[in-house]
Amino acid sequence: MPRRSLSKIQSGLDLSHYFLPMEVEFYDDRVDPEAAALAQPSDGADKVARVPYATLSGLSFEELSERLFDRVAPLEFEIGSGKGLFISTTASANRARNFLGVEIAYRYALLSASRLAKRGAYNGVMMAADAAKVLREVIPLNSLTAAHIYFPDPWWKKAHRKRRIVRPDVVEMIEARLIKGGRLNFWTDVKEYFDSGVEIIKTSTNLAGPFPVKERPAADSMDFRTHFERRTRLNEQPVYRSFFEKRF
Ligand SMILES: C[S@@+](CC[C@H](N)C(=O)[O-])C[C@H]1O[C@@H](n2cnc3c(N)ncnc32)[C@H](O)[C@@H]1O
């Protein structure tokens, strides 16, 4: 994805609760190299790490929830939060749930964390990391009430397809980590990615779906699920939306 300049992150915010950077040496060759370069901690922000990544593996759902959010509550997981519109608005509107966003581009993760901090959405935490790695190493089985994938990078070239986040190993991990009744939301503006992603989810998992999601009119200029949904709809382009549900 071409990187645009980011809005300035408000200084003086205490991000220690909201932002968890991780070491960059772990990224594998399926990760967007441009994003991995952006994953390098900068501005000394790594000193805000509250919980070292290494302490998050092998925990139970309750232990992980306590460690990340200081409480146990239903957990939602967002892959590729970008500038954080979804996690910040949804976490502040749904205080009874916990939200973990994972964004590989460090500055975007930091920006998303600053949006959570501005809203005092203590039930939201951003991790600067590869979401596939976090799923594999951190998220316990049967622990997610919802997983969210909105406008993932499409990687048009065949040689780059392996970098797509909607791929068999990732959707299998999501299925195993959803609770019964948990949902996977998948939206994109790329028809080909939508069709092939839906097919991958159908063939790689036992999730029920796809179920359609109706577009609803925006109540105000920021009333969109994500920044990419906003941009796509303001450009009057179609958005393809689906959700899947774990029934057993
Ligand atoms: C096209 S943007 C969409 C951002 C946001 N979901 C939206 O709809 O506005 C895709 C985002 O996914 C992030 N990303 C790509 N690969 C990732 C990975 N393996 N783990 C976490 N985030 C990733 C990118 O850095 C980028 O911010």
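Both ligands and their constituent atoms are indexed starting at 1 by order of listing. Keep in mind the model is a prediction, meaning the values are calculated, not measured.
- Under the 3.5 Å distance criterion, the side-chain polar atoms of Arg177 are matched with a main-chain donor or acceptor of Ile139.
- Between Pro152 and ligand 1, no N or O atom pair is found at a separation short of 3.5 Å.
- Considering backbone and side-chain atoms together, Tyr150 places an N or O closer than 3.5 Å to an N or O of ligand 1.
- A ring-centre distance under 6.0 Å is found for Phe194 and Phe186.
- When only interatomic distances are considered, the shortest N/O to N/O separation between Phe228 and ligand 1 falls below 3.5 Å.
- Where the criterion is an N or O separation shorter than 3.5 Å, residue side chain and backbone included, Asp130 meets it with respect to ligand 1.
- Side-chain polar atoms of Glu78 and Tyr150 form no donor-acceptor pair below 3.5 angstrom.
- Looking at Ala129 against ligand 1, only its backbone comes within 4.0 Å, counting heavy atoms.
- The side chain of Ile165, and not its backbone, has at least one atom closer than 4.0 Å to an atom of ligand 1 (non-hydrogen atoms only; side chain from C-beta on).
- Taking the six-membered ring for Trp and thresholds of 30 and 60 degrees, Phe228 and Phe151 have ring planes inclined between 30 and 60 degrees apart.
- Exactly one of Asp195, Asp189, Thr188 qualifies for a side-chain hydrogen bond (donor to acceptor under 3.5 Å, both in side chains) with Lys191. That residue is Asp195.
- For atom 17 (C) of ligand 1, the candidate residues are Ile149, Val190, Ile104; the nearest heavy-atom contact is made by Ile104.
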